[in-house]
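Report on the structure given below.
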Amino acid sequence: MRTQRQVVDYSLQKRALLRDLHNGRVGTLEVCDASPYLKNAARFHGEPTDDRCPVCRRDNLTLVHYIYGDELKQSAGQARKLAELPVLAMTLREFQVFVVEVCQSCAWNHLTEQYLLGRDALSTDELVRDEPARGEAVASSSSGRHRETGSSSHRWEGRR
Ligand SMILES: [Zn+2]
């Protein structure tokens, strides 16, 4: 999605956790603890992937997209289908998306990334492209300068 911004990637943390798991520093039960809610969200709203679960390798991972933000009101914290996000991004100014990968076999789950979506990104793009804000600022400051020089030159004339 081209409007994604402030993207935070958690793949490093995930790799570190998997390393700890393979070294035996972390138990499988500690990392394969997807709640029934998360598993349901994966089943009903999840985005299937071609990636095998890094823990059990029995099933492919499912990505669940959780949305947060004041504008969402009672929908905040809900899981949404990936296809619904562009629609929300057109109607809301800004909301946060958390992407969680889930294995429906062994309950492995991990936050993969988070980012912001919303119309705010679109309007910023337009500002950069058309630069109306900067144009206005230049216009107002130059007109202010005109007024100043005008009055000072009048004063000069008066003193002469
Ligand atoms: Zn698994």
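Ligands are counted one by one from 1 in listed order, and the atoms in each one are counted from 1 as well. As the structure is a prediction and not an experimental result, all values here were calculated from the model.
- Between Glu94 and Arg5, at least one side-chain N (NZ, or NE/NH1/NH2) sits under 4.0 Å from a carboxylate O, which counts as a salt bridge.
- Formation of a donor-acceptor pair under 3.5 Å by the Arg52 side chain with backbone atoms of Arg58 is found in this model.
- Across all non-hydrogen atoms, the minimal contact from Phe44 to Lys81 is O-NZ, 3.0 Å.
- Taking 4.5 Å as the limit, every side-chain heavy atom of Leu63 sits out of range of all side-chain heavy atoms of Val100.
- The backbone N or O of Ala107 lies less than 3.5 Å from a partner atom in the side chain of Asn109, making a donor-acceptor pair.
- Counting only protein atoms, the N, O or S atoms lying less than 2.8 Å from the Zn ion (ligand 1) are Cys53 SG, Cys56 SG, Cys103 SG, Cys106 SG, ordered by chain and residue number.
- Two rings, from Tyr68 and Phe95, have their centers 6.0 Å or more apart.
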